[in-house]
Asker: 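Structure in structure tokens, see below.
Worth saying up front: this structure is predicted, and the values here are computed from it rather than measured. As a basis for the values below, the full set of heavy atoms in this structure was taken, side chains included, without hydrogen atoms, waters or symmetry mates.
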Amino acid sequence: MAGNSARPGLSQLIFGLSVVIIAFNLRTVFSSASAVLPEIVESYGLDPFAVGALTTLPVICLGAFSPCGPLMSRAFGLERSLLVVTLVLALGLGLRGLPSSWTLFAGTAFAGAAIAVGNVLLPSLVKQHFPQRVAALTGGYSMSLCLGAACAAGLTLPIERALQGSVEAALASWAIPALFAAAAWLPQAITRTDAGSAEDGQTGTVWRDPRAWQITLFMGLQSALAYCVFGWLVPILRERGVEAVSAGSVVALSVIAQGFACLVAPHFAVRLRDQKVIAVFCCVISVASLEAMLFAPLATIEVWAVLLGLGQGALIALALTIIVLRSPNAVVASHLSALAQFVGYLLAAIGPLFVGWIRAGTGTFAWCSVLFAFVGAAMAVNGWLAGRPGYIAERSPRPDAVPTER
């Protein structure tokens with residue numbers, strides 16, 4: 001793909017800010033629904049199976065539609081594909097405002113599909129246009145992901161109450177920033193210089209490369225914990241006796257901490273020869289903090305929420321950074337990202353689904369601690385393996401394979 005990897009300063013800044021604005025919208029569908037889940041159940045009359053399906057559906061879509069990313073990029077180019085993503089995302093979020101459970105699920109599916117493609121295209125975009133600014137751009141858009149999730153977690157219930165209890169309007173309100181993102185990205189789509197990416201012989205090796213699968217499992221398992229938090233942490237806290245708005249605020253605090261970690265973690269990661277130790281450390285912090293959300297005294301919840309956010313924010317930023325660092329070029333980055341998110345998010349969908357089943361079967365969230373510990377252990381193992389130096393599809397690691405920020 002021919003691209004402008006050395007854009008003039010102001011143009012590059014605007015381009016990067018537009019990426020960050022798009023990223024803000026790629027998690028709101030999850031945390032906005034979680035924040036008002038009891039109100040959704042009451043308004044739409046959902047049974048426990050439907051509730052589990054609603055929290056799992058967008059994560060399944062993240063996996064199922066991820067392979068569309070490289071296809072769209074090859075056909076239309078990165079910039080135009082991202083414009084389509086933002087418009088479909090706005091449509092999906094807006095459909096949730098209609099008073100029907102069918103449109104609630106359809107809108108959630110549209111949003112999940114759009115986010116799937118956006119998740120795949122962003123690492124490739126960074127590799128293509130900002131090869132010497134991997135940490136800055138990955139950190140920036142990862143932080144924006146968390147900021148959007150935090151805003152949706154903390155503001156959806158107040159918006160619902162301000163709109164006289166209209167949960168549909170509160171959910172649909174998140175289409176507004178998505179439309180703004182489409183407007184901000186429109187100039188990039190119009191003025192793009194590439195005509196779509198060409199295939200390259202390296203991409204066929206991605207699905208056969210053991211390192212690619214280790215990255216995929218690391219991505220999927222950290223996402224499983226992340227979507228357990230997005231989908232169930234507010235209900236967990238409310239069941240423990242935390243008032244509804246306060247529970248949303250605690251989750252928002254945690255996601256804000258994620259944003260800080262997202263901004264900082266890539267700068268550390270790209271300066272290390274490998275990312276093994278930092279990956280395992282972040283796994284331990286995240287799982288220990290999540291277990292504390294189940295059992296720690298409520299007076300300490302805010303502390304654990306911040307630690308949880310720092311751990312999980314570092315994990316998502318680290319996973320995205322590793323995808324870029326282990327790819328020799330933008331085309332391979334796109335295919336590795338598609339694999340990691342296709343398989344990874346289908347795996348991640350199991351997390352929220354199991355939490356719902358455990359809660360329905362035992363009458364308490366406490367037994368979810370076993371699930372969290374198991375996922376955390378598997379994540380640490382694959383994080384260690386994925387964090388080793390070298391590009392994918394190489395027979396042996398190369399000491400000079402990990403780029404550094406300049």
Side-chain angles (χ1 to χ4, degrees), residues 27 30-32 34-37 139 142-158 221-269 277-319 351-352 355 358-359 364-377 379-380 383:
R27 293 296 181 270
F30 303 99
S31 50
S32 60
S34 172
V36 291
L37 194 57
S142 300
M143 181 186 68
S144 190
L145 287 172
C146 297
L147 179 61
C151 289
L155 297 178
T156 304
L157 188 57
L221 291 167
Q222 70 82 25
S223 295
L225 283 187
Y227 291 111
C228 287
V229 170
F230 286 139
W232 289 105
L233 188 53
V234 169
I236 286 172
L237 294 176
R238 291 178 71 168
E239 182 175 273
R240 293 196 63 193
V242 179
E243 192 271 332
V245 174
S246 297
S249 298
V250 169
V251 175
L253 175 65
S254 182
V255 182
I256 289 171
Q258 283 189 32
F260 174 77
C262 284
L263 191 61
V264 173
H267 290 278
F268 283 101
V277 174
I278 191 175
V280 173
F281 176 76
C282 292
C283 291
V284 172
I285 292 295
S286 298
V287 174
S289 301
L290 190 52
E291 299 283 6
M293 302 300 281
L294 291 170
F295 303 115
L298 292 180
T300 65
I301 285 297
E302 286 83 1
V303 175
W304 291 111
V306 171
L307 289 174
L308 175 64
L310 292 174
Q312 290 200 302
L315 281 173
I316 180 59
L318 191 59
V355 171
I358 291 170
R359 173 63 180 84
T364 176
F365 286 109
W367 283 100
C368 295
S369 60
V370 178
L371 172 67
F372 297 154
F374 176 80
V375 172
M379 178 171 55

Asker: To the nearest 0.5 Å, how far apart are SG in Cys262 and CG in Leu147?
Answerer: 10.5 Å
Asker: Which heavy atom of Ala152 sits nearest to which heavy atom of Ala35, and what is that distance?
Answerer: O-CB, 4.1 Å
Asker: Side chain to side chain contact (heavy atoms under 4.5 Å, CB included) between Leu253 and Ser249: does it pass, once the steps are laid out?
Answerer: CA-CA 6 Å; Leu253 175 65; Ser249 298; over 6 Å; no
Asker: Indicate the atoms forming the closest heavy-atom contact of Val287 with Phe372, along with that distance.
Answerer: CG1-O, 3.8 Å
Asker: Does some side-chain heavy atom of Trp304 sit less than 4.5 Å from a side-chain heavy atom of Leu307?
Answerer: yes
Asker: Would you give the length of the straight line joining atom CZ of Phe30 to atom CG of Leu145, rounded to the nearest 0.5 angstrom?
Answerer: 10.5 Å
Asker: Going from CZ on Arg238 to CD on Glu243, what distance comes out if it is rounded to the nearest 0.5 angstrom?
Answerer: 7.5 Å
Asker: Show, in sequence, the C-alpha distance, side-chain angles and deciding distance for Val234 and Leu37, and conclude whether the side chain to side chain contact (heavy atoms under 4.5 Å, CB included) test is met.
Answerer: CA-CA 9 Å; Val234 169; Leu37 194 57; over 6 Å; no
Asker: Enter the distance from Leu315:CG to Met379:CE here, rounded to the nearest 0.5 Å.
Answerer: 5.0 Å
Asker: Can you sort out the partners of Thr156 under side chain to side chain donor-acceptor pair (under 3.5 Å), two or more places apart, ordered by chain and number?
Answerer: Trp174
Asker: What are the two closest heavy atoms between Leu308 and Met293, and how far apart are they?
Answerer: CD2-CG, 4.2 Å
Asker: Compare every heavy atom of Ala366 with every heavy atom of Leu294, then report the nearest pair and how far apart it is.
Answerer: CD1-O, 4.2 Å
Asker: Where do Leu237 and Ile301 land on the side chain to side chain contact (heavy atoms under 4.5 Å, CB included) test, with the steps shown first?
Answerer: CA-CA 9 Å; Leu237 294 176; Ile301 285 297; 4.3 Å; yes
Asker: For a quick test of reading the model, state the closest non-hydrogen atom pair linking Pro266 to Ala261 and the distance between them.
Answerer: CD-O, 4.2 Å
Asker: With sequence neighbours left out, write down each residue that passes side chain to side chain donor-acceptor pair (under 3.5 Å) with Ser32, or none if nothing qualifies.
Answerer: Arg96
Asker: To the nearest 0.5 Å, tell me how far Leu155 CG sits from Ser31 OG.
Answerer: 10.0 Å
Asker: Strictly distance-based, threshold 3.5 Å: is any side-chain N or O of Ser286 a donor or acceptor partner for the main-chain N or O of Gln312?
Answerer: yes
Asker: Closest approach of Pro297 and Thr300, non-hydrogen atoms and distance?
Answerer: O-OG1, 2.8 Å
Asker: Return yes if some donor-acceptor pair links the side-chain N/O of Arg359 with the main-chain N/O of Ile236 below 3.5 Å, else return no.
Answerer: no
